[in-house]
Amino acid sequence: MKKSHTRIGAKRAVRHPLFTPAALSAAIMLASSDVLAQAALEEVIVTSRRTMETLQTTPISVVAISGDDLQTKGISDLGTMSAFVPNVVAGTGMGNSGYATFSIRGIGSGQGWVYQEGSVGIYIDDVYYPRASGALLDVIDVEQIEVLRGPQGTLFGKNTSGGAIRYVTTKPEFGEFTGFFRGVVGSYDRRDVNGAVNIPLTDTLSSRITVASLQRDGFVTNLRHGEKMGNMDVTSARAQLRWQDGPWDVNFSVDTIETSNNGVARVIPRRNTTDAFPGLLEQRTGIPYDPSVTGDKFKVEGGTLPERNTTESFGVTLHAEYEFNNGYVLRSISGYRDNEATGRNDWDLSDFDLYHMDQDIEFSNWSQEFQFDSSFLDDRLNIVSGFYYMFEEATFNNYRVNPTVPVGGLLEFIDLETTTVALFSQATYELTDDLSLTLGLRWSKDDKEFFSAYGPLTGENEGDWESVTSRIGLDYQITPDVMIYASAAQGYKSGGFNNRPNPNLPNNGILPYDPEELWTYEVGFRSDFWDNRVRLNMTYFYTDFKDIQTSAPTVLFVNGEYSIVQLTENAAGADIQGIEFELAVAVTENLTINASGGWTDGEYSDTDGASAINKNTPLARTPEYSYTLGASYFQPLASGAELSYNVDYGWKDKQFTHDSATAGFYLPSYGLLNARVTYREPGGRWSLALVGTNLTDKYYKVSGFGGNPTEGFFGFEQADLGRPREVGVELTVEF
């Protein structure tokens, strides 16, 4: 049975793929056979291997979430999405809600510092988003989001050792003037307005304009400043032009995003006077440190520094695709992004100047990728090959105040320039009509120039890191509806430089650390049965992780003062294994139930020379269990209108927050229940929905810092909170 591959730019019918397909097979036995005969699950299309193919024939672990599903499940950004994707975790970093940290299968990013690379690649319309700042993207006019679990080191390359998240926007269509308007009002003075309009200009030229304004109040009271921390104010706009004529398909996009808040929604559950920071504070000022906390779940003392976080992002993307007469496709992907972020954060939120950071971060990058899709031997051999180039400059200004630095604080400055080049090729050969072999190879090189200033000390360094990553896999189509596969894939994350100058060390302490490397072995099956009424997918993986980049506290002597700083070292290996499953059941034509789950078991196998971890230290951002449950029901009315009901529950096990025992602590397990009831009028032109998120009003933590009571030195525990229960009314008008 020969597989079909379609070029990415080809037009296709609109589909509504199921998210984390699911459910209890027993439900099927409760429905009569004549009703079941009408039920069927819809086909899910993904482009995770740079070609268009069905999810059920793709031999990697992928979760595909359509734009419609994102809306019905109450998913507003990549952070809330992770609660409903097993073995995937997203949170905030650096005490700033605009900074994202992602982890997939226990392999994740650091705290979002400029000098750190990520382990999960974020791609917006296949253009790499290189930094944590602003990466918790809001879901606005999205066609689909794909989460690729496991290393994608051949086709995607750049820092995707944990996996990749592909954010695919809705593109202009031809033929009709269409669009939508959506408004939401709800809890915490929520006021969301967004919409898009599709404007055909000629038979071959079309445009699409998308705008959004998202606002809601915070929910943690700052007692000192009288503000509600955790508010949201987002404005964004995107304009696209698409030209499609004969073999050409070209899409040009410009977008801008601005966000702001008056502080992360966080509390201070614990203070400890015996830690290093409070002791130094009292020694310097003579004022004893007050360890008291409010004890209120949604109140903090307030701190001495009013908090503000902002991001401004501007991006340009050009996709150009040409299909030759023989079916070969040449694709060009060009991208530019400029991002500026500010963060004024009083991390300890006390009446003492214990730990302040006043930051300005800016990065700009442009990239160019060429892909060539070809097929040979009667289409039995399909090859995707390409070249990738990216240049990025990132700067970081930070005025740091804490007891370990001279009175008045220290100014910290970092400038990093990175040049990345890569060549890649991946081939899939159909050995028989049912058995296929995939081989992939990627060579990449990262060149970095690094400069750092910390108070009066400066240092610089430059270096390069090369890698060759590979993939080998076999997949076998046992029947038209059942496929099994096995694969081995390499992952790689670039090395870098420590950022704190130290005159007592070589090169003033600006010393390199090595890349991370891993092999992931994976077996799985994809199956549809009972006339496409049931879909069951399962995956087992094992990862051998080497040279893990971990944070270690180090004492630094600066200008006559001792300073405790976090440095990066390669001092660990880990073994990680796990299972993922997705199950979907079309019980009737109108009722679909679903469930998915993940299990991850990871532990350090080698910590020789590590400063801040041992074999008993948990892997950061690695909940052992996670699962989702959900159901969708559509009820046609006699008038021709329709009612639909959606309910979804996502649960995450407890997880450790940091890759250092001194800075990390456990976030308790939590579950989120979202629901939606929608009335759609007979003509389908408008709909009205009652929406609710976190309906059980679960008090839960999404990130944290400095909380280990036995090994900490910061004097406090900071916990970032998820939003409480919220309900709202949503009006959508389509034209």
Side-chain angles (χ1 to χ4, degrees), residues 93-96 111 220 222-225 229 263-264 266-297 299-307 343-359 398-412 454-455 500 551-567 611-613 656-658 660-667 701 703-721:
M94 299 174 60
N96 187 323
Q111 291 298 298
V220 173
N222 185 314
L223 297 176
R224 184 184 185 97
H225 304 291
M229 302 169 64
V264 178
R266 68 184 190 277
V267 294
I268 306 297
R270 181 192 65 87
R271 302 189 192 278
N272 190 353
T273 58
T274 62
D275 281 1
F277 273 30
L280 289 170
L281 177 72
E282 183 173 356
Q283 179 182 353
R284 172 167 293 148
T285 64
I287 303 173
Y289 178 60
D290 184 358
S292 63
V293 297
T294 66
D296 192 291
K297 291 182 177 181
K299 292 181 181 179
V300 291
E301 290 80 353
T304 59
L305 179 69
E307 299 208 345
R344 301 185 66 204
N345 297 288
D346 185 335
W347 279 21
D348 58 286
L349 289 170
S350 73
D351 289 334
F352 300 87
D353 292 336
L354 184 65
Y355 202 2
H356 294 175
M357 298 185 74
D358 193 345
Q359 317 161 36
N398 180 35
Y399 188 72
R400 178 189 297 265
V401 176
N402 69 57
T404 69
V405 301
V407 176
L410 280 179
L411 181 64
E412 182 179 12
Y454 189 63
R500 299 290 167 75
S551 297
T554 301
V555 177
L556 181 64
F557 191 71
V558 179
N559 203 29
E561 298 277 347
Y562 285 99
S563 177
I564 303 174
V565 298
Q566 293 281 334
L567 300 181
S611 302
I613 61 171
F656 204 65
T657 61
H658 203 276
S660 166
T662 59
F665 68 100
Y666 271 112
L667 302 176
K701 302 171 184 178
S703 193
F705 176 80
N708 192 314
T710 59
E711 301 183 54
F713 52 80
F714 294 100
F716 63 94
E717 174 185 299
Q718 168 196 297
D720 299 355
L721 304 181

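Since the model is a prediction, treat every value here as computed from it, not as a measurement.
Between Tyr355 and Phe705, the two ring planes are tilted [angle within 30° to 60°]. Between Phe714 and Phe277, the two ring planes are perpendicular [angle over 60°; tilted spans 30° to 60°].
Taking the salt bridge (Lys or Arg N to Asp or Glu O under 4.0 Å) definition, one finds that Asp351 meets it with Arg224, sequence neighbours left out. Residues satisfying the salt bridge (Lys or Arg N to Asp or Glu O under 4.0 Å) test with Asp358, not counting sequence neighbours, are Arg344.
To the nearest 0.5 Å, the span separating CD on Glu301 from CG on Asn222 amounts to 9.5 Å. Of the inter-residue distances, the one linking Met357 atom CE with Asn402 atom CG reads 9.0 Å to the nearest 0.5 angstrom. Taking NZ from Lys701 and OH from Tyr666, the interatomic distance works out to 14.5 Å, rounded to the nearest 0.5 Å. Expressed to the nearest 0.5 Å, how far CD of Glu717 lies from CD1 of Ile268 amounts to 8.5 Å. To the nearest 0.5 Å, atoms CD (Glu412) and OH (Tyr454) are separated by 6.0 Å.
Closest heavy-atom contact between Thr273 and Pro278: O-CB, 3.8 Å. For the pair His225 and Gly303, the tightest heavy-atom approach, listed with the atom from each and the gap, is NE2-O, 3.2 Å. Nearest approach of Pro403 to Leu280, heavy atoms of both residues: CB-CB, 3.8 Å.
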**Report entry** Worked verdict on Gln359 versus Asn345 for side-chain contact (heavy atoms from CB on, under 4.5 Å)
**Finding:** CA-CA 8 Å; Gln359 317 161 36; Asn345 297 288; 3.8 Å; yes
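Looking at heavy atoms from C-beta onward, Arg270 lies out of side-chain contact with Val293 at the 4.5 angstrom threshold. Here the side chains of Ile287 and Leu281 are not in contact, with every heavy-atom distance at 4.5 Å or above. At least one side-chain heavy atom of Glu307 sits less than 4.5 Å from a side-chain heavy atom of Asp346. Side-chain contact check for Lys299 versus Val220: every heavy-atom pair is 4.5 Å or farther apart. Looking at Leu349 and Arg266, their side chains come closer than 4.5 Å, going by heavy atoms from C-beta outward.
Under the side chain to side chain donor-acceptor pair (under 3.5 Å) rule, His356 has a single partner from Asp348, Asn398, Thr304, which is Thr304.
No donor-acceptor pair under 3.5 Å is formed between the side chain of Thr294 and the backbone N or O of Val300. Checked by atom type and distance alone, the side chain of Tyr289 never pairs as donor or acceptor with a backbone atom of Leu354 at under 3.5 Å.
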